[in-house]
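Counting begins at 1 with the first residue of the sequence.
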Amino acid sequence: MNLTLERAKELNKDMVTEDSLIIHSLNVCYAMGAMAEHFGADKEHWMAVGYLHDYDYEKYPDEHLQHTEKELLSEDVSEEDVRAILSHGYGIVNDVEPVTDMEKSLFTVDELTGIIQACARMRPNGITDLEVKSLMKKFKDKKFAAKCDRETIKKGCEMLGLEVRDVAEICISGMKPHAEEIGLLGTGSAN
């Protein structure tokens with residue numbers, strides 16, 4: 001049975017408690033939903049995997065993804081979904097290579113949503129009027145959101161057979177409707 005978003009939120013409840021990590025989980029969740037739509041896949045399923053992807057990060061930042069497999073399998077998360085979560089650490093903390101569209105998407109959007117968020121935070125209208133053109137300027141500036149690994153994003157896009165700008169456009173469109181929830185309404189609003 002596919003993981004549901006409700007179940008993913010339940011599993012993360014005690015593991016992911018820091019606001020910034022919850023926001024990151026939501027960013028990835030909404031970007032994954034848009035990627036699922038692009039690939040004609042199950043939107044909620046991909047969103048759930050995206051939401052759960054950093055399950056062990058807050059408690060074990062130096063051992064990321066080493067406390068995920070056994071724990072989630074014991075919670076009846078499917079092997080397919082656990083593998084997808086593990087694959088976002090490919091070449092970074094493990095050698096679980098992304099092979100499915102869902103895995104490749106998660107690998108790519110994990111870092112990309114960080115740049116989108118940083119870019120949107122600087123704008124008066126946040127993500128609501130963010131265009132890919134503006135984002136790509138920031139993407140090229142290595143000093144901007146420097147912690148977001150652009151090589152990982154490029155590698156992921158290559159795996160997907162898509163251009164960075166196309167994946168960015170998909171992610172932005174997935175995140176925009178949730179601007180308020182993810183704190184990206186902008187500096188000009190009263191949030």
Using only atom types and a distance under 3.5 Å, with no angle test, would you say the side chain of [X] pairs donor to acceptor with the backbone of [Y]?
X	Y	answer
Asp54	Tyr57	no
Arg150	Phe139	yes
Arg121	Gly126	no
Glu58	Glu18	yes
Glu71	Thr68	yes

Would you please test Glu181 and Tyr30 for side chain to side chain contact (heavy atoms under 4.5 Å, CB included) and show each step?
CA-CA 11 Å; Glu181 184 185 5; Tyr30 297 134; 2.4 Å; yes
Is any side-chain heavy atom of [Y] closer than 4.5 Å to one of [X]?
X	Y	answer
Ile23	Gln117	yes
Met47	Val28	no
Lys138	Met122	yes
Val164	Val167	no
Ser105	Leu160	yes
Thr108	Met159	no
Leu73	Glu69	yes
Ile115	Glu111	no

Under a 3.5 Å cutoff, is there a donor and acceptor pairing between the side chains of [X] and [Y]?
X	Y	result
Glu103	Tyr90	no
Glu97	Ser87	no
His38	Asp166	no

Residue pair [X] / [Y]: nearest heavy atoms and the distance that separates them:
X	Y	answer
Ser25	Asn12	OG-ND2, 4.0 Å
Cys119	Ser134	SG-O, 4.4 Å
Leu52	Ala8	CD1-O, 3.8 Å
Ala168	Ile116	O-CD1, 4.2 Å
Leu106	Ala84	CD2-O, 3.4 Å
Met175	Ile182	O-CD1, 3.8 Å

With a 4.0 Å cut-off, would you call Lys154 and Glu151 a salt bridge?
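Between Glu151 and Lys154 there is a salt bridge, with a charged N closer than 4.0 Å to a carboxylate O.
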Taking NZ, NE, NH1 and NH2 as the nitrogens, is one of them in Glu75 or Arg7 under 4.0 Å from a carboxylate oxygen of the other?
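Looking at Glu75 and Arg7, the cut-off is met.
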Decide yes or no on side chain to side chain donor-acceptor pair (under 3.5 Å) for Asp110 and His24, but give the supporting numbers first.
CA-CA 8 Å; Asp110 183 30; His24 174 64; 2.8 Å; yes
Can you tell me how far the [atom1] atom of [X] sits from the [atom2] atom of [Y], to the nearest 0.5 Å?
X	Y	atom1	atom2	answer
Phe107	Lys155	CZ	NZ	5.0 Å
Lys104	Leu162	NZ	CG	10.0 Å
Ile92	Asp149	CD1	CG	6.5 Å
Ile127	Glu180	CD1	CD	13.5 Å
Leu130	Cys171	CG	SG	11.5 Å

Flag if over 12 foreign heavy atoms under 6.0 Å of [atom1], [X]:
X	atom1	value
Glu163	CD	no
Glu158	CD	no
Glu44	CD	yes

Are Val132 and Phe144 connected into the same hydrophobic cluster when the rule is that any two of I, L, V, M, F, W, Y join if their side-chain heavy atoms are below 4.5 Å apart?
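Same cluster.
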When clusters are formed by joining ILVMFWY residues with side-chain heavy atoms under 4.5 Å apart, either directly or through shared neighbours, do Met32 and Val99 land in the same one?
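No, because Met32 and Val99 fall into different hydrophobic clusters, even though each may have its own neighbours under 4.5 Å.
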Evaluate the side chain to side chain contact (heavy atoms under 4.5 Å, CB included) criterion for residues Asn2 and Ser78: first the C-alpha distance (whole Å), next the side-chain angles of each, then the deciding distance (0.1 Å), finally the verdict.
CA-CA 7 Å; Asn2 283 345; Ser78 74; 5.7 Å; no
Check the pair Glu169 / Glu131 against side chain to side chain contact (heavy atoms under 4.5 Å, CB included), numbers first and verdict last.
CA-CA 8 Å; Glu169 190 154 5; Glu131 290 183 20; over 6 Å; no
If the plane angle is over 60° it's perpendicular, under 30° parallel, otherwise tilted; pick one for His88 and His53.
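Perpendicular: the ring planes of His88 and His53 meet at over 60°.
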Angle between ring planes, Tyr60 versus His67, binned at 30° and 60°: parallel, tilted or perpendicular?
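If you compare the ring of Tyr60 with that of His67, the planes turn out parallel.
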Among Leu86, Asp56, Ile85, Asp81, find the one that has a side-chain contact (heavy atoms from CB on, under 4.5 Å) with Leu72.
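Checked Leu86, Asp56, Ile85, Asp81 against Leu72; only one passes side-chain contact (heavy atoms from CB on, under 4.5 Å): Ile85.
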Kindly indicate, with the supporting measurements, whether the criterion side chain to side chain contact (heavy atoms under 4.5 Å, CB included) is fulfilled by Lys59 and Met15.
CA-CA 7 Å; Lys59 298 219 183 321; Met15 294 295 286; 3.8 Å; yes
With Lys9 as the cation and Tyr51 as the aromatic partner, state whether NZ or CZ is under 6.0 Å from the six-membered ring centre and within 45° of the axis.
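Judged by the rule (NZ or CZ under 6.0 Å from the ring centre, within 45° of its axis), Lys9 counts as positioned above Tyr51.
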